[in-house]
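Just dropping this structure here.
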Amino acid sequence: MELANKVALVTGGSSGIGRETAKLLASAGAKVAIADIDTTGGLSLLEEIKNSGGDAMFCTCDVSNESEVKDWIKNVVNQWQSIDILVANAGILAIGSVEEASNLDWDKVLGINVKGYAFCAKYAIPHMRKRGGGAIVNVASMASLIAFPGCALYNTSKGAVLQLTRSLACDLAADNIRVNCVCPGAIETLQTQQFADALGLTTEEAINQIAPTIPMKRIGQPQEVAQAILFLASEKASYITATSLLIDGGYTAK
Ligand SMILES: NC(=O)c1ccc[n+]([C@@H]2O[C@H](COP(=O)([O-])OP(=O)(O)OC[C@H]3O[C@@H](n4cnc5c(N)ncnc54)[C@H](O)[C@@H]3O)[C@@H](O)[C@H]2O)c1
């Protein structure tokens, strides 16, 4: 199996893109350590992976809290001795302009969407070095490259994930640690529901509004992002680092 004997960390694994990624990495043979603030979703995922013959562990962990991240990764290494892959994915959507955003709003969004990614990398990197290498895949967004109107906090946070990815990639190349990000477009997850709610629409209405604006005329599924993450995390991407892979049905090419 492609990821046999690998240990993978996945944040935000209880739902959406993270959940499908955790399942796919486990089916490729990795031992998967999932962290999320949603304990119920995480435990149900754990059961699902174990019932399909995979190996996984779940920890309730807020990625914006550095000491919780440190303890999570310490627990994983105590149990499985090593770390090969980090998928930093836990993130929140924030709708609102700079004038609407409070200091607390900024702290929350940057704390989860940016510092959370950096904390996970900080505590995973020394273990990857000990293994002689590793792969980090950050889940950024097409909002890393284009600005969604009225979403300044989110756009700013996702732009930072792209630069964090490039910075880590340059700093870690000599350690044989590859660092890349995926930039999803509109993907059908809980975030789609939150986006629809903010517009006063049902999820179906929001999808029907968004789909015609995408060259492929549909929104994406979390499994389609998970496949790209698996590729970047695997040896098939052995000479790929510092890249950002758009998964947006062609949206940003228009
Ligand atoms: N859905 C989209 O259209 C889309 C597009 C581009 C990028 N993304 C990005 O993909 C990633 C996953 O989002 P999704 O669409 O699967 O949404 P989702 O809401 O289904 O999943 C996000 C997960 O992150 C967890 N989470 C939130 N805050 C956390 C914290 N502080 N600590 C730990 N876990 C936390 C949630 O509990 C949830 O399980 C996010 O970074 C998001 O910004 C999503």
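Ligands are counted one by one from 1 in listed order, and the atoms in each one are counted from 1 as well.
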Practice problem: Provide, to 0.1 Å, the distance between atom 8 (N) of ligand 1 and the closest protein heavy atom, together with that atom's residue and name. | Solution: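 Residue, atom and distance for the closest contact: Tyr154 OH, 3.7 Å.
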Quiz prompt | Asn89 (side chain) donor-acceptor with Val139 (main chain) under 3.5 angstrom | solution = no
Exercise. For Ala186, counting its heavy atoms only, list the atoms of ligand 1 lying under 4.0 Å from any of them.
Key: 3 (O)
Exercise. Answer yes or no: is there a side-chain heavy-atom contact under 4.5 Å between Ile17 and Thr189?
Key: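 Yes; the side chains approach each other to less than 4.5 Å.
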Exercise. Measure the distance from atom 15 (O) of ligand 1 to every protein heavy atom, then report the residue, atom name and distance (to 0.1 Å) of the closest one.
Key: Thr189 OG1, 2.6 Å
Quiz item: What atoms of ligand 1 come within less than 4.0 Å of a heavy atom belonging to Ile112?
Solution: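 Here the atoms of ligand 1 in question are 31 (N).
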Practice problem: Decide if atom CG of Asn5 counts as having more than 12 heavy atoms of other residues, nucleotides or ligands within a radius under 6.0 Å. | Solution: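 No - once you tally the heavy atoms of other residues, nucleotides and ligands closer than 6.0 Å, there are 12 at most.
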Quiz prompt | Proximity flag Cys61 to ligand 1, non-hydrogen atoms under 4.0 Å | solution =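 Heavy atoms of Cys61 do come under 4.0 Å of ligand 1.
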Quiz item: Is it the case that more than 12 heavy atoms not belonging to Tyr123 sit under 6.0 Å from its OH atom?
Solution: yes
Quiz prompt | ligand 1 N/O within reach of Lys158 N/O, cut-off under 3.5 Å | solution = yes
Quiz item: Does NZ or CZ of Lys115 lie under 6.0 Å from the centre of the six-membered ring of Tyr117, at an angle within 45° of the ring axis?
Solution: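 Negative - Lys115 is either too far from the ring of Tyr117 or too far off its axis.
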Self-check item: Gly185 N/O under 3.5 Å from ligand 1 N/O
Solution: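 So ligand 1 has an N or O lying under 3.5 Å from an N or O of Gly185.
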Self-check item: N or O pair under 3.5 Å between Ile187 and ligand 1
Solution: yes
Quiz prompt | Sub-4.0 Å atoms of ligand 1 with respect to non-hydrogen atoms of Gly16 | solution = 16 (O), 20 (O)
Quiz prompt | Within-shell test, Tyr117 vs ligand 1, heavy atom, strictly < 4.0 Å | solution = yes
Quiz item: Asn138 side chain to Ala140 main-chain N or O, any donor-acceptor pair under 3.5 Å?
Solution: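 Between the backbone of Ala140 and the side chain of Asn138 there is no qualifying donor-acceptor contact (under 3.5 Å).
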Self-check item: Phe195 and ligand 1 - part of the residue with a heavy-atom distance under 4.0 Å
Solution: neither
Practice problem: Using distance alone, decide if ligand 1 has a nitrogen or oxygen within less than 3.5 Å of any nitrogen or oxygen in Asp62. | Solution: yes
Quiz item: Does an N or O from Gly18, backbone or side chain, lie closer than 3.5 Å to an N or O of ligand 1?
Solution: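 Such a contact does not occur with ligand 1.
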Quiz item: Are Lys50 and Glu47 ion-paired here, with the side-chain N under 4.0 Å from a carboxylate O?
Solution: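 Salt bridge between Lys50 and Glu47, a charged N being under 4.0 Å from a carboxylate O: no.
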Practice problem: Name the closest protein heavy atom to atom 12 (C) of ligand 1, giving the residue it belongs to and the distance to 0.1 Å. | Solution: Asn89 OD1, 3.1 Å
Practice problem: For atom 22 (C) of ligand 1, grab the closest protein heavy atom and report residue, atom and distance to one decimal in Å. | Solution: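 Looking at atom 22 (C) of ligand 1, the protein heavy atom closest to it is Gly91 O, 4.0 Å.
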Exercise. Take atom CG of Asn103 as the centre, draw a 6.0 Å sphere, and report whether it contains more than 12 heavy atoms from other residues, nucleotides or ligands.
Key: no
Quiz item: Backbone or side chain, does any N or O of Gln194 fall under 3.5 Å from an N or O of ligand 1?
Solution: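 So ligand 1 has no N or O lying under 3.5 Å from an N or O of Gln194.
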Quiz item: Quick one: nearest non-hydrogen protein atom to atom 10 (O) of ligand 1, plus distance?
Solution: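 Ranked first by proximity to atom 10 (O) of ligand 1 is Val139 CG1, 3.3 Å.
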Quiz item: Is the shortest side-chain N to carboxylate O distance from Glu224 to Arg218 below 4.0 Å?
Solution: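 A salt bridge links Glu224 with Arg218.
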Quiz prompt | Taking atom 36 (C) of ligand 1 as the reference point, the nearest protein heavy atom with its distance | solution = Asp36 OD1, 3.5 Å
Self-check item: Which residue and heavy atom of the protein sit nearest atom 21 (O) of ligand 1, plus the separation
Solution: Ser15 OG, 3.7 Å
Self-check item: Proximal atoms of ligand 1 relative to Ile17 (non-hydrogen, under 4.0 Å)
Solution: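 What qualifies from ligand 1 is 10 (O), 16 (O), 44 (C).
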Quiz item: If you measure from each heavy atom of Ala143 to ligand 1, is any distance below 4.0 Å?
Solution: no
Quiz item: Is there any N or O on Thr192 that sits under 3.5 Å from an N or O of ligand 1?
Solution: no
Self-check item: Sub-3.5 Å N/O-N/O distance, Ser64 and ligand 1
Solution: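 So ligand 1 has no N or O lying under 3.5 Å from an N or O of Ser64.
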Quiz item: Is the number of heavy atoms from other residues, nucleotides or ligands under 6.0 Å of Lys23 NZ greater than 12?
Solution: yes
Quiz prompt | Closest protein heavy atom to atom 28 (N) of ligand 1, given as residue, atom name and distance to 0.1 Å | solution = Ile37 CD1, 3.6 Å
Practice problem: Determine, for Arg19 against Glu48, whether the closest basic-nitrogen to carboxylate-oxygen distance falls under 4.0 angstrom. | Solution: yes
Quiz item: Does NZ belonging to Lys217 count more than 12 external heavy atoms closer than 6.0 Å?
Solution: yes
Quiz item: OG of Ser157 to CG of Leu110: how many Å apart, nearest 0.5 Å?
Solution: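 Those atoms lie 6.5 Å apart.
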Quiz item: Does the Asp38 side chain pair with the main chain of Ser14, one donor and one acceptor, at a distance under 3.5 Å?
Solution: no
